[in-house]
Amino acid sequence: MNTILSRKKNLWITVLFLVIFLKIFSLSPERVEVFYTSGFYNVFSKMLRFLFGWIPFSIGDILYFTVVCWLLWKLSKNLRLLFKKQLRGKQLFQKVYQVLIGLIFIYLIFNIFWGLNYNRKGIASQLGLSEMTYDTSDLKTLQNILLQKVNASKLSLIHNKKA
């Protein structure tokens, strides 16, 4: 029994360490760009494309759907037990613990498979674009230019259709 508790404690400490490490790692867009996006993810995504690229739908979407269904099933099952008062004390704590561990694993897997890409440098930085501020008059000017181009394209299509 002590070995099971020791394993759970070690698992919990390891998982918490990984979450904290990922969070600290993701605070630096430069570090994410160099080590994750250009390093690990570049190789990892090629491997995933090799393994699953032939499938005409997203495996990730199937996994997300499966995880959400599993979580809803577990939640409904445990809520039913809780309302029937068949789940108390230590069992309730174990169920909450299992759900927390599951959610943390989902968080870790999501971040390793894709989520750290949300912490990258912006596209402006990657393309060497300067960030500019715009006011309402600039946006109205752009709107008028785009509207003129759309109308000109529409007239061109109508003219070509008649010819």
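Computed from a predicted structure; not experimentally measured.
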Identify each donor-acceptor pair in which a side-chain atom of residues 101-112 lies under 3.5 Å from a protein atom, sequence neighbours left out, and give them as a table.
from: N111; atom 1: ND2; to: Y107; atom 2: O; distance (Å): 3.0

Hey, can you pull the donor-acceptor pairs under 3.5 Å for the side chains in residues 48-62, sequence neighbours left out?
from: W54; atom 1: NE1; to: L51; atom 2: O; distance (Å): 2.8
from: S58; atom 1: OG; to: G60; atom 2: N; distance (Å): 3.3
from: S58; atom 1: OG; to: D61; atom 2: N; distance (Å): 3.1

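In this structure, the side chain to side chain donor-acceptor pair (under 3.5 Å) partners of S137, at least two apart in sequence or on a different chain, are D135. With sequence neighbours excluded, the residues satisfying side-chain contact (heavy atoms from CB on, under 4.5 Å) with I145 are T141, K149. Shown here are the side chain to side chain donor-acceptor pair (under 3.5 Å) partners of D138, two or more places apart in sequence or in another chain: there are none. Every residue two or more places apart in sequence or in another chain was checked for a side chain to side chain donor-acceptor pair (under 3.5 Å) with N151, and none qualifies.
Cluster partners of L142, using a side-chain heavy-atom cutoff of under 4.5 Å among ILVMFWY residues and allowing indirect links, are L146. Other members of a hydrophobic cluster containing L147 are absent, since no ILVMFWY side chain comes under 4.5 Å of it, directly or through relayed contacts. Grouped with I13 in a hydrophobic cluster is no other residue, since no side-chain heavy-atom contact under 4.5 Å to another Ile, Leu, Val, Met, Phe, Trp or Tyr is found. In the hydrophobic clustering (ILVMFWY side chains linked at under 4.5 Å, chained through shared members), L155 stands by itself.
With hydrophobic clusters built from ILVMFWY side chains whose heavy atoms lie under 4.5 angstrom apart, Y64 does not share a cluster with V99. Under the 4.5 Å side-chain heavy-atom criterion for grouping Ile, Leu, Val, Met, Phe, Trp and Tyr, W73 is not connected to L75 through any hydrophobic cluster. Following chains of ILVMFWY side-chain contacts shorter than 4.5 Å, one can reach Y41 starting from L22, so the two form part of one hydrophobic cluster. The hydrophobic cluster containing W114 also contains M47, counting ILVMFWY residues as joined when their side-chain heavy atoms lie under 4.5 angstrom apart, directly or transitively. Cluster annotation: L63 and F44 are assigned to the same hydrophobic cluster (Ile/Leu/Val/Met/Phe/Trp/Tyr, side-chain heavy-atom contacts under 4.5 Å, transitive).
Other residues, nucleotides and ligands contribute more than 12 heavy atoms inside 6.0 Å of the CZ atom of F40. Remark: M132 CE is loosely packed, at most 12 non-hydrogen atoms of other residues, nucleotides or ligands lying under 6.0 Å away.
The closest side-chain heavy-atom distance from N117 to Y36 is below 4.5 Å.
The aromatic rings of F17 and F21 sit parallel to each other, their planes meeting at less than 30°, with 60° as the upper class boundary.
Contact record, F25 with F35: CZ-CB, 3.9 Å, taken as the closest heavy-atom pair. Of all heavy-atom pairs between S26 and L116, the closest is CB-CD2, 3.6 Å.
Contacts classified as salt bridge (Lys or Arg N to Asp or Glu O under 4.0 Å) and involving residues 115-127 (residues at least two apart or in different chains) are given here: E33-R120. Applying the salt bridge (Lys or Arg N to Asp or Glu O under 4.0 Å) rule to pairs touching residues 35-46 yields nothing, sequence neighbours excluded.
The line from CD1 of I24 to CD1 of I20 is 7.0 Å long, rounded to the nearest 0.5 Å. With rounding to the nearest 0.5 Å, the separation of CG in N144 from NZ in K140 is 9.5 Å. Here CG of L11 is found 9.5 Å from CG of L16. Values are rounded to the nearest 0.5 Å.
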